[in-house]
Amino acid sequence: MARYQRHHHHQWRKVDKPYAAAEEDEDSQTTTFLMEFANSGYYYKRTSPKLLYLLFISFLSCSFILAPHLFSSNTTFSLLYSTPIEDMNVNVPLCSSISNGTICCDRSSIRSDICVMKGDVRTHSASSTIFLYRSKEASSFQNHVSDVVEENEEDETEELRHTKVKPYTRKWETSVMDTIDELQLVAKKDTPGMHHRCDVQHDVPAVFFSTGGYTGNVYHEFNDGIMPLFITSQRFNKKVVFVILEYHNWWVTKYGDIVSQLSDYQPIDFSGDTRTHCFPEVTVGLRIHDELTVDSSLTEGNVSIVDFRNLLDRAYWPRIRSLIQDEEREAQEKHSASLASESSFEPESEVQEDQFKKPKLVIISRNGSRAITNENFLVRMAEQIGFEVNVLRPDRTTELAKIYRALNASDVMIGVHGAAMTHFMFMRPGSVFIQVVPLGTEWAAEEYYGEPARKLGLKYIGYQILTRESSLYAKYDKDDPVLRDPQSVTKMGWEYTKKIYLDGQTVRLDLRRFRKRLVRAYDYIFHRLNNHPHLRSQ
């Protein structure tokens, strides 16, 4: 299940995080930031006042041009705009356009850090390092800055900058980030005549990310990995190589259909492939917007969650067609063995059945915690209302294309709050998603699935159970905070939420009460299909 963390909790816990990341190596990085500023037109806003004063005196002729940049109020970026502010596209992420020989890090997000390296970039997996070699040729402006730096440093080395990043999208959650492999990003001077080893030369950029952390949970696989990968890489139009830390063969197999829609190249196992890979540009880390969504205002070309949904369509339909062909082949074999007189009436009945097709309802079934204990009665009631019901019991080994096929063809999905609700993204916009919300899960149900479902264009219905519909009703006194005030219990910490509300309760639906929601969904779908007959064939 998803780790429950309220956003306002994130903010007070993490308010100093971006600044801390920038301040961590401030003394050692001041030199590098200044040199990068000279090389690319970027600047680092936390540079000491003394150095800013020296720069101002040394480059008085440029002060009027640089002033708007130097006094900007934002202090969370290592480097900023490579183009004038007035010409910037607000949808272009920071660090997405930089000069050769530059490392640019955006540490402004509470969710993830992003660093971009451009130029002669080479990997060294044994030391978990990515090197950027920069030519010693420099303008007089850069040389002057170097002279200033040498007066403040006793020992200048060829290393121009050294920073670190963990390419995973839960930067605010220390417990899981402690398990993520860290990459060293090093910019060095390129000495003339020195040959740098390069085993594999790539002519397209690379994106580095980790499939560690909470990978293994479908919510986190999509929210922390697949969707940020889409957000980060879609601008490359598939001309990009994915380099994976904590590489898992099963992950590549499970999400291969999606990955192949984002890249024309096979992913690289960073630790397992010890060869030196050379790239013209590297992005380390993934951008993430919100829970299971894509914010079009933050992407180039106004790419949205609907575009991600369309990508899933392209990814899974080839496999779905193959499944359909296999089923048709089996049906043909059975048909050829049947009597000709019986088969002659089939076409007419099939057409007739299609004309009066029932709305399709998929129930995502659970075993154990948060299971619907009277699920069989729910199925019977839904069929009486008029639904064609399909009970889906996915597990970690279930092929995603099969889940996608079932939900893409459905009109309504019902499920109890949990990671499997991530599959609402497999439904077509305009469909109905009914989430059964157990005690103690109200906020998470809305934040992680309810609101994202609306953004996708689904009609979302949250069914908040009553205390008597929970198995906890029989375990605790009616005045116990577990029943009377679940929020006070969840505030005590994740371990209480997990033990009591996620792992410790099942649901027995009040079918008379739930029927009202189901009838509402049926009427909505019935009118939608009647008003838009073309939807019946989808």
Side-chain angles (χ1 to χ4, degrees), residues 1-17 110-111 170-178 213-214 217-220 223-224 290-293 364 366-374 414-422 424 433-455 460-514 516-517:
M1 71 291 294
R3 288 297 296 270
Y4 290 9
Q5 301 286 347
R6 295 178 186 267
H7 280 186
H8 63 270
H9 287 178
H10 295 175
Q11 291 167 354
W12 75 256
R13 284 177 55 195
K14 302 186 296 262
V15 67
D16 293 328
K17 193 77 172 180
I110 62 175
R111 293 174 176 263
R170 298 187 79 83
K171 128 180 169 181
W172 48 269
E173 194 169 350
T174 305
S175 59
V176 70
M177 291 304 289
D178 286 343
Y214 293 129
N217 175 293
V218 68
Y219 165 80
H220 289 289
N223 185 72
D224 304 342
D290 209 339
E291 309 300 332
L292 294 177
T293 196
I364 304 293
R366 293 182 64 98
N367 293 319
S369 65
R370 285 166 286 150
I372 299 176
T373 58
N374 56 344
I414 296 175
V416 181
H417 171 71
M421 294 302 94
T422 303
F424 77 78
F433 169 31
I434 303 176
Q435 181 177 204
V436 177
V437 184
L439 299 183
T441 66
E442 297 88 345
W443 176 85
E446 171 64 23
E447 184 75 8
Y448 295 150
Y449 304 112
E451 183 59 26
R454 294 188 193 95
K455 291 178 180 178
Y460 173 72
I461 300 174
Y463 179 79
Q464 174 62 56
I465 70 169
L466 301 176
T467 54
R468 67 172 184 268
E469 295 177 89
S470 170
S471 61
L472 299 176
Y473 188 70
K475 296 181 182 180
Y476 294 88
D477 184 82
K478 65 178 181 179
D479 292 325
D480 194 292
V482 168
L483 300 178
R484 182 175 48 81
D485 187 13
Q487 189 174 0
S488 68
V489 178
T490 59
K491 284 182 177 179
M492 295 169 63
W494 162 249
E495 61 275 14
Y496 292 94
T497 300
K498 186 177 189 300
K499 180 180 179 181
I500 298 173
Y501 296 116
L502 298 181
D503 296 343
Q505 77 174 309
T506 57
V507 174
R508 184 173 182 83
L509 292 174
D510 179 340
L511 294 179
R512 182 176 297 180
R513 179 171 176 256
F514 189 79
K516 296 176 183 178
R517 275 71 171 182

If I take atom [atom1] from residue [X] and atom [atom2] from residue [Y], how far apart are they, to the nearest 0.5 angstrom?
X: Arg517; Y: Ile461; atom1: CZ; atom2: CD1; value: 8.5 Å
X: Gln487; Y: Thr497; atom1: CD; atom2: OG1; value: 10.5 Å
X: Ile434; Y: Phe514; atom1: CD1; atom2: CZ; value: 5.0 Å
X: Glu447; Y: Thr441; atom1: CD; atom2: OG1; value: 13.5 Å
X: Asp485; Y: Leu439; atom1: CG; atom2: CG; value: 11.5 Å
X: Thr422; Y: Tyr448; atom1: OG1; atom2: OH; value: 11.5 Å

Tell me, please, which residues at least two apart from Arg468 pass salt bridge (Lys or Arg N to Asp or Glu O under 4.0 Å).
->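 Arg468 satisfies salt bridge (Lys or Arg N to Asp or Glu O under 4.0 Å) with Asp510 once adjacent residues are dropped.
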Checking side-chain hydrogen bond (donor to acceptor under 3.5 Å, both in side chains) against His417, which of Arg366, Gln435, Glu442, Glu446 comes through?
->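 Per the side-chain hydrogen bond (donor to acceptor under 3.5 Å, both in side chains) rule, the option paired with His417 is Gln435, out of Arg366, Gln435, Glu442, Glu446.
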Work out which heavy atom in [X] is nearest to a heavy atom in [Y]; give both atom names and the distance.
X: Ala419; Y: Val218; value: O-CG1, 3.3 Å
X: Ile364; Y: Ala420; value: CG2-CB, 3.9 Å
X: Leu509; Y: Val436; value: CD2-CG1, 4.1 Å
X: Ile465; Y: Ser470; value: CD1-CB, 3.7 Å
X: Ser471; Y: Thr506; value: OG-N, 2.8 Å
X: Val489; Y: Ile500; value: CG1-CD1, 3.8 Å

With side-chain contact (heavy atoms from CB on, under 4.5 Å) as the test, would you mind laying out the steps for Arg484 and Lys478 before giving the verdict?
-> CA-CA 7 Å; Arg484 182 175 48 81; Lys478 65 178 181 179; over 6 Å; no
Would you check if there is a donor-acceptor pair between the side chains of Tyr473 and Gln505 at a distance under 3.5 Å?
->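 Short answer, no.
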Parallel, tilted or perpendicular, as decided by the 30° and 60° cut-offs, for the rings of His220 and Tyr214 =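 Rings of Tyr214 and His220: tilted, as their planes differ by 30° to 60°.
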Could you label the plane-to-plane angle of the Phe424 and Phe433 rings as parallel, tilted or perpendicular, counting under 30° as parallel and over 60° as perpendicular?
->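 Parallel, since the angle between the ring planes stays under 30°.
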Show your working on side-chain contact (heavy atoms from CB on, under 4.5 Å) between Glu451 and Asp290 and close with a plain yes or no.
-> CA-CA 10 Å; Glu451 183 59 26; Asp290 209 339; over 6 Å; no
Take Trp172 and Arg170 through the side-chain contact (heavy atoms from CB on, under 4.5 Å) test and state the conclusion after the steps.
-> CA-CA 5 Å; Trp172 48 269; Arg170 298 187 79 83; 3.3 Å; yes
Step by step, would you call Tyr219 with Tyr449 a side-chain contact (heavy atoms from CB on, under 4.5 Å)?
-> CA-CA 10 Å; Tyr219 165 80; Tyr449 304 112; 3.5 Å; yes
The single option from Arg508, Arg513, Arg370 passing salt bridge (Lys or Arg N to Asp or Glu O under 4.0 Å) against Glu469 =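 The passing option is Arg513.
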Charged N-O contact under 4.0 Å between Lys498 and Asp503 =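 Result for this pair is yes, salt bridge flagged.
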Report, as yes or no, whether the 6.0 Å neighbourhood of atom OH on Tyr496 holds more than 12 heavy atoms from other residues, nucleotides or ligands.
->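 Atom OH in Tyr496 is not crowded, with 12 or fewer foreign heavy atoms closer than 6.0 Å.
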